[in-house]
Amino acid sequence: MTEKHGFEPVFGDTPRDKLVEAASVLFCRDGISATGVDKVVALAGTAKTTLYKCFGSKEGLVEAVLDAEGRAWRTWFLSEVHRARGGPRKKLERIFKVLESWFAAKRFYGCPFINAVGEGSKADDRMRELAIAHKTVVLEEIERLSLEAGAADPKRLTHQAAMLIDGAIVTAMITKDPKVARIAGQAFGTILEDALGSESKEAA
């Protein structure tokens with residue numbers, strides 16, 4: 001449909017792929033609740049019967065979108081973090097630089113998982129389960145880097161990083177200011193100093 005950013009899923013040409021791609025654009029940009037299946041099938045150029053045959057319901061389509069968005073974003077984010085020159089500490093320091101590049105993208109609409117939890121029924125745990133599964137993959141890698149960097153309590157450092165990441169995402173979505181990542185990064189830098197001690201700065 002449009003030129004892709006590195007964090008966006010790449011879809012094929014099957015009717016199922018077209019539906020997930022269309023729903024991905026509409027759900028992320030306009031919201032899940034605000035997007036009916038008629039809008040999705042119109043953008044995808046498919047029949048409504050095809051949507052129900054492929055996904056069973058709108059909820060099934062939402063899960064397919066989150067799966068595609070999550071896998072693409074995690075691959076991109078972790079790859080970008082690991083581009084840092086140097087050891088695990090440099091990779092940790094790069095986290096918020098990567099987030100700033102995401103926040104600056106035209107297609108940044110916040111985290112699809114945070115948005116889905118926010119829109120969904122608070123009595124339904126399904127969106128929360130999907131969000132936690134997504135976050136766990138990222139946080140396990142941050143914890144591994146924290147351990148390799150020499151943190152005495154890598155779980156605590158990971159939890160602190162997670163709080164700053166989520167706060168930066170929500171703030172950037174509300175303000176549309178990518179530079180909020182720098183403020184979060186400065187705060188994380190102070191946390192790293194406390195957890196790992198001082199270290200001369202290298203270009204990340």
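Predicted model only: the values in this text are computed from it and were never measured.
Using modelled atom types, no side-chain atom of Ser79 and backbone atom of Trp76 make a donor-acceptor pair closer than 3.5 Å. When atom types are taken as modelled, the side chain of Lys58 and the backbone of Thr35 share a donor-acceptor pair closer than 3.5 angstrom. Side-chain N or O atoms of Lys97 include none that pairs as donor or acceptor with a backbone N or O of Gly185 at under 3.5 Å.
Between the side chains of His134 and Glu69, no donor-acceptor pair of N or O atoms lies under 3.5 Å. A donor atom on one side chain and an acceptor atom on the other are not found under 3.5 Å apart for Ser24 and Arg29.
Nearest heavy atom pair, residue Val65 against residue Val20, reads CG2-O, 3.8 Å. Here the closest non-hydrogen pair linking Glu119 and Ile32 is OE2-N, 2.9 Å.
One finds the CD atom of Glu140 at 11.0 Å from the CG atom of Leu78 (value rounded to the nearest 0.5 Å). Taken to the nearest 0.5 Å, the CZ atom of Phe7 stands 11.0 Å off from the CD atom of Glu80. Between atom CG of residue Leu145 and atom CZ of residue Arg94 there is a gap of 13.0 Å, rounded to the nearest 0.5 Å.
At least one side-chain heavy atom of Leu92 sits under 4.5 Å from a side-chain heavy atom of Phe188.
When each of Val62, Leu66, Asp125, Val117 is paired with Leu130, the side-chain contact (heavy atoms from CB on, under 4.5 Å) condition holds for Leu66 and for no other.
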